[in-house]
Every structure is written in C-alpha cells, then in structure tokens.
Participant: 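I am attaching a structure below and will ask some questions about it afterwards.
Every chain is numbered from 1 and lettered A, B, ... according to where its sequence line falls, protein lines coming before strand lines. Computed from a predicted model, the values in this text were never measured in an experiment.
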Amino acid sequence: MRMSQVFSRTLREAPSGADSKGYELLLRAGFIQQLGAGIFSLLPLGLRSVRKIERVIREEMDAIGGQELLMPVINPADIWKETGRYYSIDKEMSRFQDRVGRDMVLAMTHEECVTDIARNEIDSYKRLPQLVYQLQTKWRDDPRPRAGLIRVREFTMKDSYSFDRDYDGLVKQYKAHYRAYFRIFSRCGLPTIAVGSDSGMMGGKVAHEYMYLSPIGEDTIIMCPECGYTANRQVATFVKTYYEEPMKSLEEVATPDCKTIEALSQFLHIEPRMTAKALFMVGTFIDATSGEEQNRLIVGIVRGDMDIEENKLQNVAKANALRPAHPDEIKAAKIEPGYGSPIGAAKDVVVVVDDSVAASNNLVGGANKEGYHYRNTNYGRDYNGVVADIASAADGYACPQCGKPLSQSKGIEVGNIFQLGTRYSDSLGCTFQDEDGQRKPVIMGSYGIGVGRLLACLAEEYNDEAGLVLPLPVAPYQVHLVSLVKDSDIGDQLYQELCQAGIEVLYDDRKESAGVKFADADLLGVPIRLTLGNRSMKEGKIEVKLRKNLQQTLSIDLNDPVVQTKAIIDSLQKEVDDEVVEKTLS
RNA sequence: CGGGCAGUAGCGCAGGGGCUAGCGCACUUGGUUCGGGACCAAGGGGUCGGAGGUUCAAAUCCUCUCUGCCCGACCA
C-alpha cells in the first residue's frame, strides 16, 4: 500500500477525550474513528489488524474442532421469551418491532439462537459432541461506554458454543477452550491470566475470564502471589477469622453522630471488627416465565472490618438487579439509615448475613433508632437471615488456598469461558436421544472473545512515546518502506519486488520531509522499517530498523532485499511463536 | 439514571453583547529546502450543535433540547 493513497491520515495531536494511551494512538494513527458513544468505525489500517487477530482466532478455533457459522444479529423475541432473558435483561438489550408489530431484539449474544439451531439439528447422541463458532457483531446498550474500544456498545465478538451428551464432554471442550484461548492471546502478543469468575447473566456454574492486567481495567482481580490462586473480586473468597465468645445480653447504647463504622468504633473505643455493618439495596426480582417484576429491600450484613461484594450479595439474594436503596425505602422497612440493622425490621426484607458475622459474637449493630446502637447483637438470637459469603476480598486478606496474603490488581476482560450446562437446552427444549433411549438435554458451553477489545489492549500494551509498537502478527503491515530519495523509481521497484514476494508493505512514497515520514512510521508502528536513503545506498545497503528498538540500526543488501527481509519477518514471527503460552486446566 | 465539564474550520484551541469570528496544525497553489514533524509567499475552508426568547444588535445573555466526555450507579 502506498502511503499517498492510504484512506486515513495521522493526527499530530490527540483528539480530546482520548484518555488512555492506546486509545489515543489508535485514533492518531488512523486505525479507528468514533461515530457515536461506544460506536466506532474501523478504518482500513485498523481493519487489517483486526483481520489478523480474527485469523489467529479462526485457526485456533478450527484446531479444537470448531466449525464457523454466522447467526443473525436480529432475532425474533420469541426465543428470548422462551429462555426468560427477554424479561430478565433490562435496557442493555435493544428491542423494536417489525412492520407487523412482532417483537424483535438485537441479539447481545447468541445462546438462544444457537440452541434453537441445535434443537433442529441434533437428535441423537451420534451427532454429539459439536462445536460451532462465529465472529459476529454484538450490540449491547451499555449505560456507560468509555475508554475507546475497551468498553463499547457495538463490537465484534468471537463466540463459540459447545454441545455435549454429558458433563465429561463439556469439561473436555471447556479445557480445549481454556488452552486455545491462551494460545490465541499469546499468538497476538497479549499477556493474559485466567481468573475464576462469576457467570452473571449467562447462567451456569464454572467460568473463567481472561484478563489483561492494566491500571485502566475496570475489573478487580484478586491473586495469591504464593500459590497462584486468582479470581475476579466478584467471586474471590478468602479466609476469615471469627470472634466467638459467650453471648452477652443486648444493650442499647447512645451513639450520637455515629453513622459510619469509623465514627462508631472511635466513639465506643472498639475495633471495627467488633461491629456489624449493614448495606441496604433494593433488589429487582423478575419472574422468568411471566416477566413480572417485584422489588424487595435487601439487607446485607458484614463485619465492620470488611466490605460487601455486591455481586455476591445479588447472587445469594437471587435478584436480577440491585441498586442502592433510598433512605425512605429503608425507613419504610422500619430501619433507620445510619443506625440500621435487621433487628426489628419489617418481615418482608431479605436479610443476608456474611458468615463472618454469623460466627462472631456480641457485635455492635444498629438499633434502628437515630443516635443509638446495640451492643452484643448476635445472629440467630436477635435476628435471622440467609448465611453466606458476601464479603469482598482485598489486598492483604488470607488466600483461601494457602493462607498467604492476597494482592489485588486491575484488569480488562478480553475473553471468557462458561460451562452453561442445561440452562438453555432445558428452556428451549434442545434434547437428544441417548444410547439408552432416553431423551436428555444437551450439555452446553459458551465461550467469548472481544475482538476490538483485544486490539485495544494490544495498543495499550505495545506503545512508546512516539506511537504504536504492534507485534508482527497483529500489525497492519509487516514492512514500512520509507523512501527518502528523490528518484522514485528505486523505491517503486523495491516496493514491487517486496509485494511480489508476498510481503505486506506500507510504502511511504509521499513528497514529505524525512521527519514527517519517520514520525508517521513511528506512530503507525509497523514492526520492520526499511529506509531507502543516500546514506546507506552509497554502500549498496538498505537501512533496517525494528520499531521496537529504534536505537539499533541494521542493514540488508540493496541488490537482494527480498530474501533478507523475509528472514527478518521470520525471526520476528519466531520470537512470538516461541512465546506462545501453553496452559492447561487441571 | 444522578453529579460535573464541553460543543466555534478536518484536529487542538482562543474569543464571552457591537462592524468582515480568530490562532496553531492540517489543506490548495508557486518557489526554496531535502535523513527526524522545514521555510517564504499567496489562498480555500465556519449558517459558532439545534430550537425558541431577550435586545437596536447574540458565537457571546436566558430557556428548552440534542450530542460527546469525565465521576458514580451500571456492565458476560
């Protein structure tokens, strides 16, 4: 490709609002352009990178037996009503009606569609196992898109779906994905870790997320440096210490202006761990068959030295959605905000008690009276509720596997894998006849990779002051040919030669100064730069620089450029191949 | 959905009742330069996000509205 004809142009200054380095550079290099909030066009350079990522994905999916198909973005709402997600998913899924008034949705994922296909195709155990995948546009009306391609509303996703006759088969396909995903990300050059995760709206039990660790990430990952335990904070557990002692009798105590645990413990001269903290949320419960909605107040109780993990609370309460309760909603349940506890609360509130509280005694808790707390509150005696782990893991807490201190860091989720089980085959009636003659639901798995987000993470990982430094397998071109000589014939000829040899060349044939050309080459970040200039040509050489190390200058012979260029490409490719991560799930 | 900020040339920004709306970069033409974002000269490009209002006069003040960004809620 000749630079003089490239559709996009480079920007000298970062557009305002480009808050992360990677996003800024993708914009400045002309890889992407924004159309609306969370809606981006991929320009030719960006699309070339995306196509390369997609090729890696296809190769690895094919390698584990995947068959590519393509499902429609627009679905009749019927199948979404069958699984209940038409009702349980809120505004994140966009809906409309066609001309005759039929309910339609923009599919935000394809479990419904693929299960519908499978129930027509799969009738016998002889047709299992199966694995299909697609690279398809998803629309999710995220309430808050941000950070360029990291969190968007329209995006391309690789999603695959496995079908098995039993759980052993599912586990096998799950493990195949576990390994394939590490291969995909590492082949693209992106370092990732797999963490245990919540299954969220997907349903199912076992799930992993692939995280690219980055300070701009929105997920918090809890890790144990000692034994390798990793989990999303949403599900991460830790070892709690309990404080058991003989129960003492309940005692009201005046605690003016003690609306926080900090103020309370200072006022009473006690440690936060001797208090119980209450969090009030309103949970929305949606009946999956009728779509009927009901709101109930949820009280989460955790010991004062910990925080509540809202995701855990939501799961335990089995709510479809949670939001903080308004003070008047709390009061309506006979609870006093700031001095609240389940003691004496209305009957219809859902009380969830962290095991740290249930197993500790004589904690200070709210008296549901402005300015007063109780000493010696005890679960089981003074109030009841569901006991579960709803505490949020954090830096320094004890690892659930080895007891050593945990650490936390931020990450971006680039992929995930779920063991769905029969969540969708049950509700959509996707069954097969097994060897024993019985009809059984197909066992499913679902596996996703955000393609654009992967590119965004790569841009985040690979850059320097001057621009992008993309690895060879995902760079839009392999070679950037910069011609600084007036006589364009030499450059044109070299360009032709390289192209004919199958090398992907970006050829800067513009009538620009050397500085402009180098600056653009730095910005675009094509891994290998060939510079055609008088300096080296006098010696019959072409100057070579690798984008990732501009200090070092190499050279190849002017009269035999193709073979030597190919050798450099091969060596860069080999560097990546040597780093391909092989990890298996035990 | 709450809180904050911002919409003026392709990009980054200035101007905040008064004549023809400006600067840098980018763009066009001519010339000089030619290995790290060159120089000189001459140009082109704007219904100042939209609607309504106040005023002799509105990019500027007021009201409404749309859009984008940031924080939070939210989020596979």
Participant: Examine rG10(B): is either OP1 or OP2 under 4.0 Å from a nitrogen or oxygen in the side chain of Gln33(A)? Give yes or no.
Facilitator: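 No, because none of the side-chain N or O atoms of Gln33(A) sits under 4.0 Å from OP1 or OP2 of rG10(B).
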
Participant: For Met281(A) and Ala37(A), find the nucleotide of RNA chain B closest to each by heavy atoms; which residue's nucleotide sits nearer the 5' end?
Facilitator: Ala37(A)

Participant: Quickly work out the Asp142(A) CG to rG72(B) P distance and round it to whole Å.
Facilitator: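 It is 14 Å, rounded to the nearest whole Å.
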
Participant: Which residue pairs pass the salt bridge (charged side-chain N to carboxylate O under 4.0 Å, His left out) test when at least one of the two sits in residues 481-492 of chain A, sequence neighbours left out?
Facilitator: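 Only Arg2(A)-Asp492(A) qualify under salt bridge (charged side-chain N to carboxylate O under 4.0 Å, His left out).
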
Participant: When the P atoms of rG18(B) and rC11(B) are compared, how many Å lie between them, rounded to an integer?
Facilitator: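 About 27 Å, rounded to a whole number of Å.
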
Participant: Reckon Leu322(A) touches a base, only the sugar-phosphate, or nothing at all at heavy-atom distances under 4.0 Å?
Facilitator: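 If one applies the 4.0 Å heavy-atom cut-off, Leu322(A) turns out to touch the sugar-phosphate alone, with no base involved.
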
Participant: Would you please indicate if the ring centroids of Phe155(A) and Phe40(A) are separated by under 6.0 Å?
Facilitator: no

Participant: For residues 549-556 of chain A, dump all side-chain donor-acceptor pairs below 3.5 Å to protein atoms at least two apart in sequence or in another chain.
Facilitator:
| unit_1 | atom_1 | unit_2 | atom_2 | d |
| --- | --- | --- | --- | --- |
| Asn549(A) | OD1 | Gln551(A) | N | 3.4 |
| Asn549(A) | ND2 | Gln552(A) | OE1 | 3.1 |

Participant: According to salt bridge (Lys or Arg N to Asp or Glu O under 4.0 Å), who are the partners of Lys259(A), at least two apart in sequence or on a separate chain?
Facilitator: none

Participant: Can you tell me how far C1' in rC62(B) sits from the matching atom in rG24(B), rounded to whole Å?
Facilitator: 34 Å

Participant: Using only side-chain N and O atoms of Ser16(A), determine if any of them is under 4.0 Å from OP1 or OP2 of rC13(B).
Facilitator: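 For rC13(B), OP1 or OP2 has a side-chain N or O of Ser16(A) closer than 4.0 Å.
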
Participant: Heavy atoms under 4.0 Å, any strand shown: does Met157(A) hit a base, just sugar-phosphate, or nothing?
Facilitator: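 Met157(A): base contact, heavy atoms under 4.0 Å.
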
Participant: Which stems does RNA chain B form, counting runs of 3 or more consecutive Watson-Crick or G-U wobble pairs with both distances under 3.5 Å?
Facilitator: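 Consecutive-pair runs (3 or more) involving RNA chain B: B:1-7 with B:66-72, B:10-13 with B:22-25, B:27-32 with B:38-43, B:49-53 with B:61-65.
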
Participant: For the C1' atoms, the ones on rG16(B) and on rA6(B), what distance do you get once it is rounded to whole angstrom?
Facilitator: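 15 Å, rounded to whole Å.
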
Participant: Please list all pairs meeting salt bridge (charged side-chain N to carboxylate O under 4.0 Å, His left out) that have one or both residues in residues 445-468 of chain A, counting only residues at least two apart or in different chains.
Facilitator: Asp464(A)-Arg547(A)

Participant: Within the 4.0 Å heavy-atom criterion, would you say Gln314(A) contacts the bases, only the backbone, or no part of the nucleic acid?
Facilitator: nothing

Participant: Using atom CZ of Arg146(A) as one end and atom C1' of rC71(B) as the other, report the distance to the nearest whole Å.
Facilitator: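 These atoms are roughly 8 Å apart.
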
Participant: Determine the interplanar angle of the His208(A) and Tyr174(A) rings, folded into 0 to 90°, and report it as parallel if under 30°, tilted if 30 to 60°, perpendicular if over 60°.
Facilitator: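 The arrangement is tilted - the two ring planes meet at 30° to 60°.
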
Participant: Just by protein heavy atoms under 4.0 Å, how would nucleotides 26-40 of chain B read 5' to 3' in B, S and -?
Facilitator: S-------BBBBS--

Participant: What integer number of Å spans the C1' atoms of rU54(B) and rA41(B)?
Facilitator: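 Per the computed distance, 47 Å lies between those C1' atoms.
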
Participant: Listing time: all N or O pairs from protein to nucleotides 22-24 of chain B that are below 3.5 Å?
Facilitator:
| unit_1 | atom_1 | unit_2 | atom_2 | d |
| --- | --- | --- | --- | --- |
| rG24(B) | N2 | Glu13(A) | OE1 | 3.1 |

Participant: Taking atom P of rG72(B) as reference, at what distance in whole Å does atom CZ of Arg151(A) sit?
Facilitator: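 So the CZ-P distance, Arg151(A) to rG72(B), works out to 10 Å.
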
Participant: Classify the nucleic acid contact of Pro15(A) as base, sugar-phosphate or nothing, counting any heavy atom under 4.0 Å across all strands shown.
Facilitator: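 Answer is sugar-phosphate: Pro15(A) comes under 4.0 Å of backbone atoms only.
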
Participant: Are Asp141(A) and Arg153(A) close enough for a salt bridge, meaning some N to O gap below 4.0 Å?
Facilitator: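 Salt bridge flag = yes for Arg153(A) with Asp141(A).
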
Participant: Rounded to whole Å, please give me the gap between CG in Asp19(A) and P in rG4(B).
Facilitator: 21 Å

Participant: Give me the distance, rounded to whole Å, that separates rC25(B) from rA42(B) when you measure between the P atoms they each carry.
Facilitator: 15 Å

Participant: Say you pick atom P in rA9(B) and the same atom in rC5(B); how far apart are they, in whole Å?
Facilitator: 22 Å

Participant: Provide, to the nearest angstrom, the distance between the OH atom belonging to Tyr23(A) and the P atom belonging to rG68(B).
Facilitator: 12 Å

Participant: If the P atom of rC13(B) is compared with that of rU65(B), how far apart are they to the nearest Å?
Facilitator: 27 Å

Participant: What is the distance, to the nearest angstrom, from the CG atom on Leu35(A) to the P atom on rG68(B)?
Facilitator: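 Going from CG in Leu35(A) over to P in rG68(B) covers 9 Å.
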
Participant: Report the residues that fulfil side chain to side chain contact (heavy atoms under 4.5 Å, CB included) with Gln314(A), sequence neighbours left out, ordered by chain and then residue number.
Facilitator: Ala319(A), Leu322(A)

Participant: Name all residues meeting the salt bridge (Lys or Arg N to Asp or Glu O under 4.0 Å) criterion together with Asp219(A); count only those two or more places apart in sequence or in a different chain, and write none if there are none.
Facilitator: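 Asp219(A): no salt bridge (Lys or Arg N to Asp or Glu O under 4.0 Å) contacts found.
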
Participant: Which whole-number value in Å describes the distance from Ile216(A) CD1 to rC69(B) P?
Facilitator: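 These atoms are roughly 15 Å apart.
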
Participant: What distance, rounded to whole Å, do you find between the two P atoms, one in rG49(B) and one in rG37(B)?
Facilitator: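 Each nucleotide's P atom is 36 Å from the other's.
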
Participant: Can you tell me which residue pairs pass the salt bridge (charged side-chain N to carboxylate O under 4.0 Å, His left out) test with a partner in residues 19-36 of chain A, sequence neighbours excluded?
Facilitator: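 Applying salt bridge (charged side-chain N to carboxylate O under 4.0 Å, His left out) to every pair that reaches into residues 19-36 of chain A, excluding sequence neighbours, yields Glu24(A)-Arg28(A).
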
Participant: Rounded off to whole Å, could you give me the CE-to-C1' distance for the Met93(A) and rC75(B) pair?
Facilitator: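 That distance rounds to 15 Å.
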
Participant: For the residue pair Thr156(A) and Lys138(A), confirm or rule out a side-chain donor-acceptor distance under 3.5 Å.
Facilitator: no

Participant: According to side chain to side chain contact (heavy atoms under 4.5 Å, CB included), who are the partners of Glu218(A), at least two apart in sequence or on a separate chain?
Facilitator: Arg146(A), Arg151(A)

Participant: Could you give the side-chain donor-acceptor pairs of residues 521-533 of chain A under 3.5 Å, partners two or more places apart or in another chain?
Facilitator:
| unit_1 | atom_1 | unit_2 | atom_2 | d |
| --- | --- | --- | --- | --- |
| Asp522(A) | OD1 | Arg529(A) | NH1 | 3.2 |
| Asp522(A) | OD1 | Arg529(A) | NH2 | 2.4 |

